[in-house]
A.B. asks: 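Before I ask anything, let me first share the structure, which is written out below as structure tokens.
Each chain gets a letter, A, B and so on, in the order its sequence line appears, and its residues count up from 1. It should be emphasised that the depicted structure is a prediction, and the values quoted were computed from it without experimental measurement.
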Amino acid sequence: MSDIKSKEVSAGSHPFKEIEAKWRKFWEDNGHHTADLNDSAKKLYSLVMFSYPSGEKLHIGHWYNYGPADTWSRKKKMEGFNVFEPMGYDSFGLPAENFALKSGVHPAISTAANVDYIREQLKQIGAMYDWSKELATSDPQYYRWTQWLFLKFYEHSMAVRKEAPVNWCPSCKTVLANEQVINGRCERCETEITHKNLKQWFLRITRYADRLLAGLDRLDWPAKTIAMQRNWIGRSEGSEIFFTGEKSGERIPVFTTRADTLFGVTYIVLAPEHPLVEKITVPECRQAVIEYVERSRRLSEIERLSTVKEKTGAFTGSFALNPINGERIQIWIADYVLYSYGTGAVMAVPGHDQRDWEFATKFNLEIRQVIEPSDDSSFDLARGAFEDYGRMVNSREFTGLDSRIGMNKVTEKLKSQGQGDFRVNYKLRDWLISRQRYWGAPIPIIRCEKCGDVPVSESELPVLLPNIRNFHPTGEGESPLATSPEFVNVRCPRCGGGARRETETMDTFVDSSWYFLRFLDPAYEKGPWDHDLVRKWLPIDMYIGGAEHAVMHLMYARFFCMFLFDIGLVHFDEPFLKLRHQGSITSKGSKMSKSRGNVINPEHFLERYGSDTLRMYLMFMGSYSLGGDWDDSGINGISRFLGRVYRLVSKYASEIKTRFPLAYSAIDQMDAGLNHRLNLTIKHVSGDIETLEFNTAIAACMELVNDLQKVSESQRLNNNQFYYSLQTLVLLMAPMAPHLAEELWSMIGGSGTIFSQAWPQADPQALALNTITMVVQVNGRLRGNFDVPAGIDEDAFFKIVSQDERVGKFIEGRQIVKKVFVPGKLLNIVIR
RNA sequence: GCGAAAGUGGCGGAACUGGCAGACGCGCUGGACUUAGGAUCCAGUCCCGCGAGGGGUGAGGGUUCAAAUCCCUCCUUUCGCACCA
């Protein structure tokens, strides 16, 4: 028995307190988790999404992400990979800042304290994190380079300051990127979003829309995540068509995917924000139009986007000319047209677009048919629009053409006349990165009245966040940094005159778009990263994190990578080759949060069951990718299981030790059943950990242990096969219960760390059994199991089973119509 | 509204390309060891039936020798999108 004895141990389990502390110290003292980054021959960069420290500590959901991901990494390590598994903190941003505001402690102080706390929590997971490479995005050493990268974007005209209607969260008092608006609400605080027209900094991600789309084909990612990115980019092929203002002669471009319906246009609609509205509205309609524009500005995003809302709008009194036939049509404004998509104006075809149909019906505008069903089926324009493709009618020379052909012909004709062209549109908008908040990386720009925007020179970086007392958001669309004269007032680097610093800070997603590059050497001073190391270690081989980042972080990081590739700073354009999401752990049916009061903290379970048990229980609960609702009622089972393994191995530890290390080839008398079980376990555990199906990997270990337990009870252990099996069990469990496995490994004679051992390989010969169980069905109903030699053929098998009473009584005197034989599986006898 | 995924014992969940439904665990029942046990070990545990046997994977239909698995309709849940022209 082990010399470790603990009174504090939860009865039945293993002495986890001593074991876990002992091995964590061992790993740390021996630098086992410090990867040798110079050796990249068999490198494996395994990354989990780093955490953002807010006031809330790590909860069970973080463990669910990090523990199993580490299990995968540890198995890869035993397979001989040089694994680099770093960890850091996304420590800028709203969660940290909001906590600081609430607690009244300056975010620099509270964040540092939270990071210290979280670091200790992370260490309890017992993961292979290389702590020598820890980083925090709020560290000047880090954000110096975030600013440096911003300047690269700026240099290449990829960072631009422009006025645009932007999303404003009245509660967080800052603008938000489109991606941070969920159903018209703030992603963080769920407050309804309003709109403001502000001059803001954008990164031109739209320039990469096609590349971001094309790159998806090369990625080993969950199909759903790829689909979400596709939808978010929202590529749409169509035509841009120029209508002409009747009086002003103004060109009014519209975007349509259905140029074949051009003859069915009975009016056009501008978004209320469209700049032409002012110009073309006739005096008699001015009052109504102004009221309508005002009204839609006041409406919240939610109200405006509501699809059940009745269509509203106003007539401008002006007319436009249809370029295909010169027809004179009314120009309306309506909020169902979005200013930010396409050209902010649409041609309305009420006969063939349901939205236009609803609008036309309400305002008594003409509904005209220009497409008929190709299959000559009937439809009723009085009941709704006919939106399918079909055959063109009432369309002059295009009449009779198929929609798809017709839309090309129509566009080509317009193109030849300079009245239109083919055009691709995207839903993706440029990435708004300005934030009117304190806790972020200051945008390194100086605004000079004479010289305009002047970038801070690289040697002046970082632009340090000033240590100001009042870091509250002002709420007026201005950053708190604007209240610090020492910060704001500078000399223009170009002309030397008085100038003002940009006071906005960058969106936190900018920080996290490149952290995986910095991890290799977070202290590097000659650049954002060491090119040699990046060349050796990137891209990321495995990235595990939550699905909630499907279109934000994961899109931004890809964009960064492509840009950096284009300007020659990295050698690859997709950062994450393989991505997997863990499911989310809910509590009482809903997402864990402090406000709901349903946060499950790991401390209690660590205290009572230990780290290995908690990690394994999280993996055993169910499918890793689906997650589930937290329920601790089963954790006893894992605790008991680890206790049983501990007792079983300890019981025979000295026996194994005298024979250690046991080789498979050295087994003398082989029990085929046990050997089959052992090798089957190796096969299952290997495959299941690889595909993150931890629950069945654990189940396989349990089956092996149940068998070994029986062998132990029956005293059939006078050969070394049993000992070999125990030795292998310890290896198989090492990635899942790392502390316990180290302890057992040393107990049976191992030295150093078990993670330098080779991962067990299944013996294919042992997997193939001599005797197998086959089943017999009569008319599809199960009638018996038979142990027969593997490889038995149909006739031989039928001979055996037909003589057996279990089957014989069903087929006796009946006519056999057919026999279906599946080798190695079953025989189905069909009778009449 | 549109799209995707899922629905299996009292519970969490297994079941490879259609081939023994319910692995593994929780819980429960009984037993052993015990002064005691919320420890440990053993046995049992989908439903009906004494039994032979029958029924059973959200509901209904279909394909097949054979369906949890494939197809159709419907219901429920989760997630994503939501006037994107």
Side-chain angles (χ1 to χ4, degrees), chain A residues 9-13 182-184 223-225 227-228 231-232 234-236 238-239 254-258 261 268-269 304-309 311 334-338 340-349 352-356 358-359 387 425-429 547-548 550-551 583-584 586 589 617 620-623 625-638 640-641 643-644 647 684 687 693 695-703 705-706 709-710 713 773-785 809 817-822 824-831:
Chain A
V9 162
S10 170
S13 192
I182 312 292
N183 291 331
K224 193 175 173 183
T225 306
M228 280 170 70
N231 288 338
W232 191 261
R235 185 189 151 98
S236 165
S239 316
V254 303
F255 176 72
T256 179
T257 53
R258 291 297 300 272
T261 63
I268 64 175
V269 190
R304 179 158 171 184
L305 286 182
S306 166
T307 31
V308 291
K309 191 188 79 147
K311 295 277 180 291
D335 66 4
Y336 79 92
V337 174
L338 308 176
S340 50
Y341 182 77
T343 62
V346 304
M347 59 182 222
V349 187
H352 305 285
D353 182 290
Q354 186 59 26
R355 296 158 301 187
D356 298 338
E358 284 162 18
F359 190 84
E387 295 189 307
N425 252 320
Y426 301 90
K427 271 164 66 174
L428 183 72
R429 313 285 156 78
E548 67 274 18
V551 287
S584 63
T586 53
Y617 180 58
F620 189 61
M621 277 174 40
S623 162
S625 59
L626 292 180
D629 203 53
W630 173 254
D631 172 9
D632 61 21
S633 65
I635 195 167
N636 251 323
I638 293 293
R640 279 205 281 254
F641 172 65
R644 195 173 338 164
R647 286 188 298 275
H684 282 153
E693 291 164 293
N695 52 340
T696 47
I698 293 170
C701 289
M702 287 172 166
E703 289 185 79
V705 170
N706 289 344
Q709 185 89 32
K710 285 193 183 91
E713 303 281 321
T773 303
M774 286 183 62
V775 303
V776 179
Q777 298 177 335
V778 177
N779 281 358
R781 287 168 193 276
L782 180 70
R783 294 305 180 193
N785 311 346
K809 68 179 178 186
V817 183
K818 180 176 180 180
K819 289 187 296 233
V820 181
F821 182 73
V822 182
K825 295 248 172 171
L826 61 59
L827 176 68
N828 187 8
I829 303 166
V830 185
I831 59 168

A.B. asks: Which atom names give the shortest non-hydrogen contact between A:Ala348 and A:Val269, and what distance separates them?
C.D. replies: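 So the minimum-distance heavy-atom pair works out to CB-CG2, 4.3 Å.
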
A.B. asks: Extract from the structure each pairing of a protein N or O with an N or O of nucleotides 7-12 of chain B at less than 3.5 Å, listing the distance.
C.D. replies:
unit_1: B:G12; atom_1: O2'; unit_2: A:Met621; atom_2: O; d: 2.5

A.B. asks: Mind checking salt bridge (Lys or Arg N to Asp or Glu O under 4.0 Å) for A:Arg258 and listing every partner two or more places apart, or none if nothing turns up?
C.D. replies: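 Here the qualifying residues are A:Asp260.
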
A.B. asks: Starting from the 5' end of RNA chain B, give me the residue, A:Gly342 or A:Glu703, whose nearest nucleotide shows up first.
C.D. replies: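 The residue whose closest nucleotide sits nearer the 5' end is A:Glu703.
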
A.B. asks: Test your reading of the model: is there a side-chain donor-acceptor pair from A:Asn425 to the backbone of A:Ser236, 3.5 Å cut-off?
C.D. replies: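 Pair absent, no side-chain N/O of A:Asn425 close to backbone of A:Ser236.
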
A.B. asks: Just how far, in rounded Å, is P of B:A85 from CZ of A:Arg258?
C.D. replies: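 Checked: the CZ to P distance equals 12 Å.
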
A.B. asks: I need the CD-C1' distance between A:Gln354 and B:C83, as an integer number of Å.
C.D. replies: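 Taking atom C1' of B:C83 as the reference, CD of A:Gln354 is at 11 Å.
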
A.B. asks: Ignoring hydrogens, what is the shortest heavy-atom contact between A:Ala550 and A:Thr225? Give both atom names and the distance.
C.D. replies: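 So the two residues come closest at CB-CG2, 3.8 Å.
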
A.B. asks: Between atom CD1 in A:Ile831 and atom P in B:A66, what is the gap in whole Å?
C.D. replies: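 Checked: the CD1 to P distance equals 13 Å.
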
A.B. asks: For A:Val346 and A:Val254, work out which heavy atoms get closest and say how close.
C.D. replies: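 Distance-wise, the nearest heavy atoms are C-CG1, 3.8 Å.
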
A.B. asks: What is the distance from CD1 of A:Ile268 to C1' of B:A85, rounded to the nearest Å?
C.D. replies: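 From A:Ile268 CD1 to B:A85 C1': 13 Å.
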
A.B. asks: Round to the nearest Å and state the distance from A:Lys818 atom NZ to B:U64 atom C1'.
C.D. replies: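 These atoms are roughly 8 Å apart.
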
A.B. asks: Find out whether the Lys NZ or Arg CZ of A:Lys311 is both under 6.0 angstrom from the six-membered ring centre of A:Phe359 and within 45° of the ring's axis.
C.D. replies: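 Judged by the rule (NZ or CZ under 6.0 Å from the ring centre, within 45° of its axis), A:Lys311 is not positioned above A:Phe359.
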
A.B. asks: Quantified in whole Å, what is the C1' atom distance between nucleotide B:G31 and nucleotide B:G18?
C.D. replies: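 Comparing C1' positions in B:G31 and B:G18 gives a spacing of 42 Å.
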
A.B. asks: Given the side-chain rings of A:Trp232 and A:Tyr426, with only the six-membered ring counted for Trp, is the space between their centroids under 6.0 Å?
C.D. replies: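 They do not qualify: ring centres at least 6.0 Å apart.
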
A.B. asks: Taking the same atom, C1', in B:A21 and in B:C46, what whole-Å distance lies between them?
C.D. replies: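 Here B:A21 and B:C46 have their C1' atoms 10 Å from each other.
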
A.B. asks: Within the modelled atom types, does a donor on one side and an acceptor on the other bring the side chain of A:Lys819 and the base of B:C65 under 3.5 Å apart?
C.D. replies: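 Check fails, no donor-acceptor contact within cut-off.
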
A.B. asks: Rounded to whole Å, how long is the line connecting atom OH of A:Tyr617 with atom C1' of B:G13?
C.D. replies: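 These atoms are roughly 11 Å apart.
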
A.B. asks: Restricting to non-hydrogen atoms, name the atom on A:Asn231 and the atom on A:Lys427 that form the minimum distance, rounded to 0.1 Å.
C.D. replies: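 Nearest heavy atoms, A:Asn231 then A:Lys427: O-NZ, 3.5 Å.
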
A.B. asks: Anti or syn, where syn is a glycosidic angle within 90° of 0; which label fits B:G62?
C.D. replies: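 Anti for B:G62; the angle lies over 90° from 0.
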
A.B. asks: Would you compute the distance between atom OG1 of A:Thr696 and atom CZ of A:Phe620 and round it to the nearest 0.5 angstrom?
C.D. replies: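 Nearest 0.5 Å value for the OG1-CZ distance: 10.0 Å.
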
A.B. asks: Would you measure the distance from the C1' atom in B:A23 across to the matching atom in B:A15 and give it in whole Å?
C.D. replies: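 These two C1' atoms come out 8 Å apart once rounded.
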
A.B. asks: Calculate the interatomic distance between A:Asn231 atom CG and B:G3 atom C1'; express it in whole Å.
C.D. replies: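 One finds 8 Å between C1' of B:G3 and CG of A:Asn231, rounded.
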
A.B. asks: All N/O contacts under 3.5 Å from nucleotides 41-52 of chain B to the protein, with atom names and distances to one decimal?
C.D. replies:
unit_1: B:C41; atom_1: OP1; unit_2: A:Arg644; atom_2: NE; d: 3.4

A.B. asks: Quantified in whole Å, what is the P atom distance between nucleotide B:G51 and nucleotide B:A39?
C.D. replies: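 Pairwise P distance, B:G51 against B:A39, rounds to 33 Å.
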
A.B. asks: Is A:Glu387 reaching over with its side chain to a backbone N or O of A:Gln354, donor-acceptor style, under 3.5 angstrom?
C.D. replies: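 Present.
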
A.B. asks: For A:Arg781 and A:Asn828, does a side-chain donor sit closer than 3.5 Å to a side-chain acceptor?
C.D. replies: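 No donor-acceptor contact under 3.5 Å links the two side chains.
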
A.B. asks: Please walk me through it: do A:Tyr336 and A:Asp356 pass side chain to side chain contact (heavy atoms under 4.5 Å, CB included)?
C.D. replies: CA-CA 9 Å; A:Tyr336 79 92; A:Asp356 298 338; 2.7 Å; yes

A.B. asks: Taking the C1' atom in each of B:C75 and B:G58, what is the distance between them to the nearest angstrom?
C.D. replies: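 Rounded to whole Å, the distance is 8 Å.
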
A.B. asks: Output a table of nitrogen or oxygen pairs between the protein and nucleotides 18-20 of chain B separated by less than 3.5 Å.
C.D. replies:
unit_1: B:G19; atom_1: N2; unit_2: A:Gln777; atom_2: OE1; d: 3.3

A.B. asks: With rounding to whole Å, what would you report as the distance between B:G13 and B:G7 at their C1' atoms?
C.D. replies: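 Straight-line distance between the two C1' atoms is 13 Å.
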
A.B. asks: On the nucleotide B:A4, are OP1 or OP2 found under 4.0 Å from the side-chain N or O atoms that A:Lys224 carries?
C.D. replies: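 Result: no.
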
A.B. asks: Looking at CG of A:Leu626 and CE of A:Met621, how far apart are the two atoms once the value is rounded to the nearest 0.5 Å?
C.D. replies: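 Answer rounded to 0.5 Å: 11.0 Å.
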
A.B. asks: Return the value, rounded to whole Å, for the distance between atom CE of A:Met228 and atom P of B:A82.
C.D. replies: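 Going from CE in A:Met228 over to P in B:A82 covers 10 Å.
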
A.B. asks: Using atom C1' of each nucleotide, how far apart are B:C47 and B:C42 to the nearest Å?
C.D. replies: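 26 Å, rounded to whole Å.
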
A.B. asks: Any side-chain N or O of A:Tyr336 below 4.0 angstrom from OP1/OP2 of B:A85?
C.D. replies: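 Indeed not, no polar side-chain atom of A:Tyr336 lies that close.
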
A.B. asks: For a quick check of understanding: with a heavy-atom distance under 4.0 Å over all strands, which category does A:Arg783 fall into, base, sugar-phosphate or nothing?
C.D. replies: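 Sugar-phosphate, backbone atoms only, no base.
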
A.B. asks: RNA chain B in dot-bracket, Watson-Crick or G-U pairs under 3.5 Å, [ ] crossing, | other strand?
C.D. replies: (((((((..(((......[....)))((((((.......))))))(((....)))..(((((..]....))))))))))))....

A.B. asks: Can A:Arg429 and A:Ser340 be said to form a side chain to side chain contact (heavy atoms under 4.5 Å, CB included), step by step?
C.D. replies: CA-CA 8 Å; A:Arg429 313 285 156 78; A:Ser340 50; 2.8 Å; yes

A.B. asks: At less than 4.0 Å, is any side-chain N or O atom of A:Ser623 found next to OP1 or OP2 of B:G13? Yes or no.
C.D. replies: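 So the side chain of A:Ser623 is outside the cut-off, no N or O lying under 4.0 Å from OP1 or OP2 of B:G13.
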
A.B. asks: Roughly how many Å apart are B:A68 and B:G9, using the P atom of each and rounding to a whole number?
C.D. replies: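 14 Å, rounded to whole Å.
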
A.B. asks: Taking for each residue the nucleotide of RNA chain B with the nearest heavy atom, is it A:Tyr341 or A:Gly628 whose nucleotide lies nearer the 5' end?
C.D. replies: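 Final value for this comparison: A:Gly628.
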
A.B. asks: Looking at B:G80, B:A85, B:C24, which one has an atom nearest to any side-chain atom of A:Ala699?
C.D. replies: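 Among B:G80, B:A85, B:C24, the one nearest the side chain of A:Ala699 is B:C24.
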
A.B. asks: If I take atom NE2 from residue A:His684 and atom SG from residue A:Cys701, how far apart are they, to the nearest 0.5 angstrom?
C.D. replies: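 Separation between the atoms: 11.5 Å.
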
A.B. asks: Quick one: is B:A14 close enough that its OP1 or OP2 comes under 4.0 Å of any side-chain N or O from A:Asn695?
C.D. replies: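 Looking at the OP1 and OP2 atoms of B:A14, one of them is under 4.0 Å from a side-chain N or O of A:Asn695.
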
A.B. asks: Show me the donor-acceptor pairs, under 3.5 Å and distance only, between side chains in residues 773-780 of chain A and residues at least two apart or in other chains.
C.D. replies:
unit_1: A:Thr773; atom_1: OG1; unit_2: A:Asp787; atom_2: OD1; d: 2.7
unit_1: A:Asn779; atom_1: OD1; unit_2: A:Ile831; atom_2: N; d: 2.9

